[in-house]
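What follows is one structure encoded as structure tokens, with my remarks underneath.
Just so it is clear, the model here is predicted, and its values are computed rather than measured. Numbered from 1 within each chain, the chains take letters A, B, ... in sequence-line order.
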Amino acid sequence: MSAAKALLHPAAKPLVFVLSLLPFAWLFYAAATQNLGANPQEHLIRSTGDWTLRFLCLTLAVTPARVVLKLPTLQRFRRMLGLFTYFYVVLHFLSYSWFDQGFDWPEIVKDIAKRPFILVGFAAFLLLTPLAATSFNRAVKALGAKRWQALHRLVYAIALLGILHFFWMRAGKNNFAEVAVYAAILAVLLGWRVKEALRKRASRSPAPPGRDVRTARSVARQESRV
Amino acid sequence: IAAVRSTVPGAVTMEKPTEYKDATSYNNFYEFGTDKADPAENAHTLKTRPWTVEVEGLVKKPAKFAIDDLVKLAPQEERIYRLRCVEGWSMVIPWVGYSLARLIEKVEPLGNAKFVEFVSLADPKTMPFVGSRVLDWPYTEGLRMDEAMHPLTLLGFGMYGEVLPNQNGAPVRIVVPWKYGFKSAKSIVKIRVTDRMPPTAWNKAAANEYGFYSNVNPNVDHPRWSQATERRIGEGGGLFAKRTKTLMFNGYEAQVGQLYAGMDLKKNF
């Protein structure tokens, strides 16, 4: 009860907002005071990528945590965390475009097309864009809940592309320890959803007769199509 | 380490040396961890005395050198080399050492000697990441005989006028300035003269990414990034400093270009 109450506290959302901005504030401060080590450009590119993955995991953790911990009010934070994922991926892409490529757009286009791991990361960034753009209430209404939800299921593909991007980046150095940590977290978060879906389907099978008929009819329809 | 300025052509670049702090805190030395900050943090465990370097294989006079004898084998020279990492960053480092050729001449290679293999220390007691699956330990590298005998190929014992810090490959390492940094084996314990191309650590780990030659070449990209430009560590302009153009053979083309005359460098990358 107290946890649920805390989540509803008027300061809860601003607090999460400020906490989510801390990595950015730290990177900004460290960059300004030249505290990013010998290769600050690389540090910024990598850190913003790391934080994108972390926020993606946090966003995907909201629903399982809400159900498992029986804390429906957790849901209030999902949109903000999702938007912070987008915030950090934009910073990631900007850092790469600026510090690595000097905003040379023809070069950037060539680089993205040529290198699978960059292409995969860029695809994830592109796919995340419509999700960020339709995160506000009016967009949900305009799209209708069903279509909105279908669109936002893209996040699963984005998560897979994101981890593949990271895996591929580290692959040449056989250095998979960190990749494995994120992959394991994502596997748990996505695996939970698969399990939930299967459970729901299973609990639906001894359904009332009305639904049985409908299922049968749809099966028949499908069969006749084959 | 007392040293005289080298007179070997190309051995002293006029470019501004990288700050000592950067050159000793941003390192790839996977025996001590895969993060660039790991070697500086972990390499203090490395014991550099006593240390012997064994020279064996196709030589008339195989020998085991105690490190202090090896240091005195030839006059120490200061050489200021560009260092280009395969990852796309570079430094300028004042090394102390002498041409590897001095040592190889000493052991008198046989007529069928074609390659030289370098073996780094792999001691799990003092090197915490030996045993990790990143590479097949010990770290091995290799050069063709003419590359190994080139006067620019350095057997290094120091940098910035001092003994090599552990994270930079103490007590003795190879420095091949026209090749990507990983070709320059650190903390070596064995030099083997052979008649066949030796297997090398990174080539074994990812043959499509790291070739045996690994000459710095802006025209041959790494499969995952371009090699056309590099980030000079610590260069003025800070965060917004532009990357600089990478030079063929890291700017040592005049000295080493003839070693590769007629070779397809795209195939022999």
Side-chain angles (χ1 to χ4, degrees), chain A residues 27-48 50 91 94-104 106-122 164-181, chain B residues 18-28 30 33-40 85-91 129 132-137 182 201-210 221-245:
Chain A
L27 287 174
F28 191 89
Y29 169 79
T33 55
Q34 305 198 328
N35 271 313
L36 290 175
N39 195 343
Q41 295 86 356
E42 180 191 70
H43 188 106
L44 281 180
I45 295 170
R46 301 227 168 138
S47 302
T48 50
D50 287 344
L91 289 179
L94 273 180
S95 305
Y96 155 79
S97 310
W98 194 347
F99 306 134
D100 231 30
Q101 306 286 333
F103 284 141
D104 184 341
E107 262 318 300
I108 292 171
V109 170
K110 262 202 282 180
D111 206 39
I112 291 172
K114 201 168 156 189
R115 287 166 225 293
F117 97 100
I118 296 184
L119 183 65
V120 161
F122 186 69
L164 181 61
H165 171 65
F166 192 35
F167 171 86
W168 235 333
M169 182 226 160
R170 292 285 172 90
K173 295 206 140 194
N174 281 345
N175 190 8
F176 298 122
E178 260 179 275
V179 182
V181 172
Chain B
T18 302
E19 292 213 19
Y20 180 83
K21 175 175 68 76
D22 288 341
T24 54
S25 65
Y26 188 77
N27 308 103
N28 280 320
Y30 278 25
T34 52
D35 193 274
K36 297 253 186 339
D38 287 343
C85 178
V86 71
E87 297 167 339
W89 53 268
S90 63
M91 295 185 180
F129 277 76
S132 72
R133 285 185 299 173
V134 177
L135 288 171
D136 185 11
W137 313 101
F182 68 89
W202 280 111
N203 184 254
K204 281 192 283 180
N208 61 326
E209 302 200 357
Y210 310 105
D221 284 345
H222 185 280
R224 286 177 294 127
W225 56 83
S226 162
Q227 294 291 26
T229 63
E230 65 201 48
R231 164 85 51 209
R232 182 60 61 82
I233 298 298
E235 204 175 41
L239 203 51
F240 306 111
K242 279 234 163 77
R243 293 171 69 93
T244 44
K245 279 207 156 60

Residues, nucleotides or ligands: over 12 heavy atoms within 6.0 Å of Tyr29(A) OH: no

Heavy-atom pair count under 4.5 Å with chain A, highest-scoring of Ala37(B), Gly234(B), Ala205(B): Ala205(B)

Separation of Ser226(B) OG from Lys110(A) NZ (nearest 0.5 Å): 9.0 Å

Residue part contacting chain A, namely of Lys36(B), when any heavy atom lies under 4.5 Å: side chain

OH on Tyr30(B) to CG on Asn175(A), rounded to 0.5 Å: 6.0 Å

Contacting moiety of Glu19(B), where chain A heavy atoms sit under 4.5 Å: neither

Which of Val134(B), Asn208(B), Thr34(B) touches chain A most, by non-hydrogen pairs under 4.5 Å: Val134(B)

Heavy-atom pair count under 4.5 Å with chain A, highest-scoring of Asp221(B), Leu135(B), Thr18(B): Asp221(B)

Choice from Asp100(A), Asp111(A), Ile118(A) maximising heavy atom contacts with chain B below 4.5 Å: Asp100(A)

Side-chain donor or acceptor of Arg243(B) paired with backbone N/O of Gly102(A) under 3.5 Å: no

Approximate separation, where rounding is to 0.5 Å, of His43(A) NE2 and Tyr26(B) OH: 10.5 Å

Minimal non-hydrogen separation, Phe99(A) against Leu239(B), with atom names: CD2-O, 3.6 Å

Any side-chain heavy-atom pair of Glu42(A) and Arg231(B) under 4.5 Å: no

Contact class of Asn28(B) relative to chain A, heavy atoms under 4.5 angstrom: side chain

Minimum heavy-atom distance Ala38(A)-Ile233(B), with the two atoms named: O-CG2, 3.3 Å

Which portion of Phe117(A) sits near chain B, non-hydrogen atoms under 4.5 angstrom: side chain

